[in-house]
Number of protein chains: 2
Amino acid sequence: MASPLILVVEDEPAVRDMIGLTLEQAGYEWVTAGDVPEARCRLADARPDLVLLDWMLPGQQSGLDFARQMRREELTRDLPVILLTARDAEDDKIRGLDVGADDYVTKPFSPRELLARIKALLRRSGQADDEDVISIGGLTLDSTSHRVLAGDENIALGPTEFKLLSFFIHHPDRVYSRDQLLDRVWGSNVYIDDRTVDVHVRRLRKALSPHGCDRLIQTVRGVGYRFSEH
Amino acid sequence: MASPLILVVEDEPAVRDMIGLTLEQAGYEWVTAGDVPEARCRLADARPDLVLLDWMLPGQQSGLDFARQMRREELTRDLPVILLTARDAEDDKIRGLDVGADDYVTKPFSPRELLARIKALLRRSGQADDEDVISIGGLTLDSTSHRVLAGDENIALGPTEFKLLSFFIHHPDRVYSRDQLLDRVWGSNVYIDDRTVDVHVRRLRKALSPHGCDRLIQTVRGVGYRFSEH
DNA sequence: TTACACTGTCATATATTTGTAATATAGCTG
DNA sequence: CAGCTATATTACAAATATATGACAGTGTAA
């Protein structure tokens with residue numbers, strides 16, 4: 001995925017810049033909002049991957065209210081939120097989590113701590129996407145029903161082709177050598193010829209080609225194969 | 001319905017409390033168990049609507065074993081189970097689902113993710129339980145009158161075929177291995193050969209075929225069988 | 001008791017999948 | 001372009017998995 005975008009909702013410019021600097025150094029993109037109405041705009045136009053939200057904000061609406069509201073709306077329901085607060089009382093923490101924040105950082109906090117929490121949350125939300133049903137490039141693999149669909153048409157695959165596609169679709173945009181594929185799809189300790197992989201790739205491509213999805217499996221000459229939408 | 005009751009089987013008090021807090025905030029009631037024997041008691045006296053089950057539990061019996069056992073017993077057979085695990089390997093996921101867990105959450109998980117999966121499962125199981133009469137693909141099963149209809153024609157089935165069809169029709173679009181089917185249709189303490197399932201599937205198909213409904217029972221080679229309209 | 005329905009196991013028939021090898025094609029280097 | 005290497009494609013026989021039909025043991029109702 002491209003570099004994640006983080007929305008920083010914080011009214012104090014000094015704090016804002018400090019956070020921004022930290023984020024930039026870690027390779028994140030970021031946008032800011034100084035109050036709740038502005039934050040709402042950024043949510044809509046910038047579509048951030050995570051929100052850092054100050055507990056105390058100017059205006060009628062506190063950060064807490066805003067967080068609660070985000071949870072109510074479909075578009076923002078699954079957005080990870082980290083609350084920033086000067087307070088440290090257990091009660092507040094519980095109230096914060098109660099409202100739907102995913103994590104909680106107490107000021108003053110170290111850049112390292114902030115980044116660790118951001119990273120953890122982004123990882124988690126990424127995992128949440130990793131469902132039983134996964135779709136890429138018009139191809140859908142459902143491991144619960146053990147099915148592959150191109151659009152809405154069923155594709156019949158043999159067991160090995162199914163496992164191969166399942167591995168590919170869960171590990172896109174990366175080259176794997178034939179040996180690596182043997183290890184991870186067939187399992188370790190198999191005494192099978194490298195070239196057998198070619199044949200199974202061929203079979204998989206053949207099954208996908210009527211739907212134009214064979215382009216997803218790409219040959220990287222001298223190295224192996226890659227599964228990618230591009 | 002009253003607020004659903006959730007059994008949390010987890011040996012670490014910290015994790016247990018964290019989950020409990022999440023559940024309370026979402027309006028669920030909950031009880032806990034720290035090991036398998038305790039869980040068995042809670043199942044019997046509290047009658048939960050759903051079980052959150054840690055993969056690794058102290059004692060001789062792992063969470064996995066427990067899940068499997070639950071599937072064999074009449075009273076707990078249809079209880080939704082979500083497996084909690086620290087592991088993330090694809091293989092484990094498959095083994096977990098194989099054993100009969102309905103869903104699978106990897107630690108660390110966000111409260112939101114957990115709640116989403118709980119909600120989805122409760123919705124599913126609620127739907128399934130509500131209906132005495134259930135129809136899919138022109139096939140109607142009426143558990144009250146213990147009858148099966150294709151269109152408006154009665155289909156005569158033996159007891160095992162009826163149970164098998166009943167299980168299938170209540171759990172569509174999902175593959176089940178022969179072992180899982182033995183656990184969930186035949187029940188506990190059976191020492192029956194895998195392949196016997198084939199024979200009963202055959203008998204069921206034969207009974208359904210005059211009405212064209214045999215297509216609903218699909219073979220998933222290398223895995224098991226699936227009941228699906230598509 | 002007989003007649004009958006039902007179940008689980010087995011033997012056999014079919015169907016599908018799999019790894020390998022042979023051959024064709026494509027890509028690269030000089 | 002020639003010569004070399006890597007990949008694609010096809011064919012095939014062995015290995016696997018499933019489907020099917022028959023049978024014997026069980027229990028049940030008449």
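Everything quoted here is computed from the prediction, not taken from an experiment. Protein chains get the first letters and strands the later ones, always in sequence-line order, with residue 1 at the start of each.
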Asks: Counting only heavy atoms not in B:Asn154 (residues, nucleotides, ligands), do more than 12 fall under 6.0 Å from its CG?
Replies: yes
Asks: Spell out, as yes or no, whether a donor-acceptor pair under 3.5 Å connects the side chain of B:Arg71 to the backbone of B:Arg77.
Replies: yes
Asks: Does B:Arg16 reach the main-chain N or O of B:Val8 with its side chain, forming a donor-acceptor pair under 3.5 Å?
Replies: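 Checking the backbone N and O of B:Val8 against the side chain of B:Arg16, no donor-acceptor pair under 3.5 Å is found.
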Asks: D:dA8 P sits how many Å from A:His200 NE2, rounded?
Replies: 14 Å
Asks: Tell me whether A:Arg47 contacts the main-chain N or O of A:Arg42 through its side chain, where contact means a donor paired with an acceptor under 3.5 Å.
Replies: no
Asks: Could you tell me from which nucleotide to which nucleotide of DNA chain C, 5' to 3', there is an atom under 4.0 Å from chain B heavy atoms?
Replies: C:dC6 to C:dT17
Asks: A:Phe168 and A:Tyr225: aromatic ring centres closer than 6.0 Å?
Replies: no
Asks: Locate the shortest heavy-atom distance separating B:Leu216 from B:Glu229; write the atom from each residue and the value.
Replies: CD2-CA, 3.7 Å
Asks: Atom CZ of A:Arg195 and atom P of D:dT5: how far apart are they, to the nearest Å?
Replies: 13 Å
Asks: What verdict does the salt bridge (Lys or Arg N to Asp or Glu O under 4.0 Å) test give for A:Asp214 and A:Lys206, after you've listed the backbone C-alpha separation in whole Å, the side-chain angles of each residue and the deciding distance to 0.1 Å?
Replies: CA-CA 7 Å; A:Asp214 53 328; A:Lys206 202 172 192 172; over 6 Å; no
Asks: Quick one: side-chain hydrogen bond (donor to acceptor under 3.5 Å, both in side chains) partners of B:Arg203, sequence neighbours excluded?
Replies: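 With neighbours one apart ignored, the set is empty.
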Asks: Measuring from atom CD1 of B:Ile6 to atom CG of B:Leu23, what distance do you get when rounded to the nearest 0.5 angstrom?
Replies: 5.0 Å
Asks: What closest approach, in Å, do A:Leu141 and A:Ser166 show between heavy atoms, and which atom pair accounts for it?
Replies: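 A:Leu141 and A:Ser166 have their closest heavy atoms at CD1-CA, 3.7 Å.
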Asks: What pair of heavy atoms forms the shortest contact from B:Pro80 to B:Asp49, and how long is it?
Replies: CD-O, 3.2 Å
Asks: With B:Leu52 as reference, evaluate B:Leu7, B:Ile118, B:Thr32, B:Asp103 under the side chain to side chain contact (heavy atoms under 4.5 Å, CB included) test and give the passing residue.
Replies: B:Ile118
Asks: Have a look at the helix from C:dT1-D:dA30 to C:dG30-D:dC1 and give the angle its two end axes make, five pairs each, rounded to 10 degrees.
Replies: 30°
Asks: Which letters describe nucleotides 21-30 of chain D, given B = protein heavy atom under 4.0 Å from base, S = only from sugar-phosphate, - = neither?
Replies: BB--------
Asks: Using atom types as modelled and distance alone, determine if a side-chain donor or acceptor of B:Glu153 lies under 3.5 Å from a backbone N or O of B:Ala150.
Replies: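 The answer is no, because no donor-acceptor pair under 3.5 Å joins these two groups.
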Asks: When you measure from every atom of DNA chain C, which of residues 156-168 of chain B have a heavy atom less than 4.0 Å away?
Replies: B:Pro159, B:Thr160, B:Glu161
Asks: Do the ring planes of B:Phe162 and B:His146 sit parallel (below 30°), tilted (30 to 60°) or perpendicular (above 60°)?
Replies: parallel
Asks: Just the rounded figure in Å: distance from P of D:dA6 to CG of A:Asp193.
Replies: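 These atoms are roughly 14 Å apart.
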Asks: Name every residue in residues 208-230 of chain B that has at least one heavy atom under 4.0 Å from any atom of DNA chain C, in order of residue number, or write none if there are no such residues.
Replies: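 Only B:Arg221 qualify.
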Asks: Measure the acute angle between the ring planes of B:His171 and B:Tyr176, then classify it against the limits of 30° and 60° as parallel, tilted or perpendicular.
Replies: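 Perpendicular, since the angle between the ring planes exceeds 60°.
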